[in-house]
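Computed from a prediction, not measured in an experiment: that's the story for all the values here. Values below: all heavy atoms of this structure, side chains included; hydrogens, waters and symmetry mates excluded.
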Amino acid sequence: EAEGVAMANIDLEYLHTVRGNMPVHQHRRPDLYGKLEIQGGQTVALPGEEFVFNFGPARVPGPTIFYRTSQTLAFVNKKPVVEGHLLVSPVREVEKMGDLTEEEVADLFKVVQKVEVFVQKFYGVSSSTISVQNGHLAGQSIPHVHVHILPRREDDFAQNDDVYRELQEHDKVETGWRTEEEMVVEAKMLREAWGKQIMACPEILGDVPA
């Protein structure tokens, strides 16, 4: 019943083995404890004409946005390199990837995955280029983190990697910029198609905003 001190030998090699075998996420039994997953931003209603997204020095009109969560936006491109070239960006104005929070990074790339799957199905392609220009020397012209998603087609460039040269130079040329009306027409088409594709691929695209 008295207090005292007990001493025992510890096998450090065995302890290391036990710690290495401790349960991790892939060992969880979802049938007993439920499914544990990263929670991204919640899908929210698509913006109307009164909404403007501040994309660095540029302004993205609400009707050109075709998908949105509380932390991420997906919208059409004013100067697309190829047909279907779309952009995904965090809502918060952040210049570099390293400045995003873990939650923002998770939601950003969760939306990138959704949009990439959607793009391939919508345009009937089997490949796409996903690119981030992180900083001026990487070709970033808008100081706001954004991901390029480009559906790829047979012989769309002379050399496959020419797409990266085009990404770096496409918005430096004065010609070829689309009007807001053209962008709105494309976004409307994508909004409608997104809702239809959810029925075919609900596990990836998820819910549709009201």
Side-chain angles (χ1 to χ4, degrees), residues 40 43 46-47 53 55-56 58 60-69 71-91 97 105-134 138-142 144-173 175-209:
T43 304
L46 288 168
F53 172 49
F55 184 47
V60 177
T64 66
I65 296 167
F66 65 91
Y67 183 75
R68 179 188 183 188
T69 71
Q71 299 184 68
T72 307
L73 298 168
F75 51 98
V76 302
N77 201 330
K78 189 171 181 64
K79 186 72 178 293
V81 170
V82 297
E83 182 184 5
H85 178 185
L86 305 172
L87 300 175
V88 179
S89 180
V91 172
M97 285 288 297
V105 171
D107 192 63
L108 175 68
F109 284 98
K110 195 171 183 180
V111 173
V112 167
Q113 182 193 39
K114 289 175 183 285
V115 173
E116 194 270 345
V117 169
F118 167 76
V119 162
Q120 287 203 19
K121 290 183 178 294
F122 182 78
Y123 286 102
V125 300
S126 61
S127 302
S128 55
T129 291
I130 299 173
S131 178
V132 179
Q133 297 164 299
N134 196 44
Q140 183 180 10
S141 57
I142 297 291
H144 190 140
V145 174
H146 56 285
V147 181
H148 296 266
I149 301 177
L150 301 87
R152 300 298 304 273
R153 303 165 178 87
E154 192 75 29
D155 299 323
D156 50 4
F157 294 95
Q159 297 293 325
N160 192 49
D161 283 352
D162 286 348
V163 64
Y164 301 109
R165 184 179 297 109
E166 289 295 324
L167 275 174
Q168 184 166 344
E169 301 297 334
H170 77 289
D171 56 356
K172 312 297 190 300
V173 181
T175 59
W177 294 88
R178 300 196 297 173
T179 65
E180 181 177 327
E181 289 73 20
E182 291 173 318
M183 295 169 66
V184 169
V185 168
E186 181 186 12
K188 182 179 180 181
M189 180 175 59
L190 295 177
R191 288 186 181 196
E192 294 174 353
W194 187 284
K196 293 178 182 178
Q197 283 197 22
I198 284 177
M199 299 301 294
C201 199
E203 70 281 3
I204 296 295
L205 296 185
D207 56 343
V208 62

- Query: Got a sec: does the NZ of Lys79 have more than 12 other heavy atoms crowding it under 6.0 Å?
  - Reply: yes
- Test Val147 against every option in Val111, Val115, Val132 by the side chain to side chain contact (heavy atoms under 4.5 Å, CB included) rule and name the one that passes. Val132
- Item | Contact check, side chains of Val76 and Arg178, non-hydrogen atoms, under 4.5 Å | yes
- Parallel, tilted or perpendicular for Phe55 and Phe53, by the 30°/60° rule? parallel
- side chain to side chain contact (heavy atoms under 4.5 Å, CB included) with Met183: of Asn77, Thr64, Ile65, only one passes, and it is Thr64
- Shortest non-hydrogen contact from Gln133 toward Gly139: NE2-O, 3.5 Å
- Item | Where Leu46 and Arg68 come nearest, the two heavy atoms and their spacing | CD2-N, 4.1 Å
- Nearest atoms (heavy-atom pairs only) where Pro151 meets Tyr123: CG-CD1, 4.2 Å
- Query: Under the side-chain contact (heavy atoms from CB on, under 4.5 Å) criterion, do Val117 and Lys121 qualify, and how do the steps go?
  - Reply: CA-CA 6 Å; Val117 169; Lys121 290 183 178 294; 4.0 Å; yes
- Item | Over all atoms of both residues, closest heavy-atom pair of Ile142 and Gln140 | O-NE2, 2.9 Å
- Asn134 side chain to Met97 backbone, donor-acceptor under 3.5 Å: yes
- Query: Do Leu190 and Leu86 have side chains that get closer than 4.5 Å, going by heavy atoms?
  - Reply: yes
- Item | Set of ring pair (Phe, Tyr, Trp, His ring centres under 6.0 Å) partners for Phe122, sequence neighbours left out | Phe118
- Item | Sequence neighbours excluded, every pair satisfying salt bridge (Lys or Arg N to Asp or Glu O under 4.0 Å) that has a member inside residues 150-160 | Arg152-Asp156
- Query: Does some side-chain heavy atom of Leu87 sit less than 4.5 Å from a side-chain heavy atom of Val60?
  - Reply: no
- Would you call Lys110 and Asp107 a salt bridge, taking side-chain N to carboxylate O under 4.0 Å as the test? no
- pair Pro63-Glu180: side-chain heavy atoms closer than 4.5 Å: no
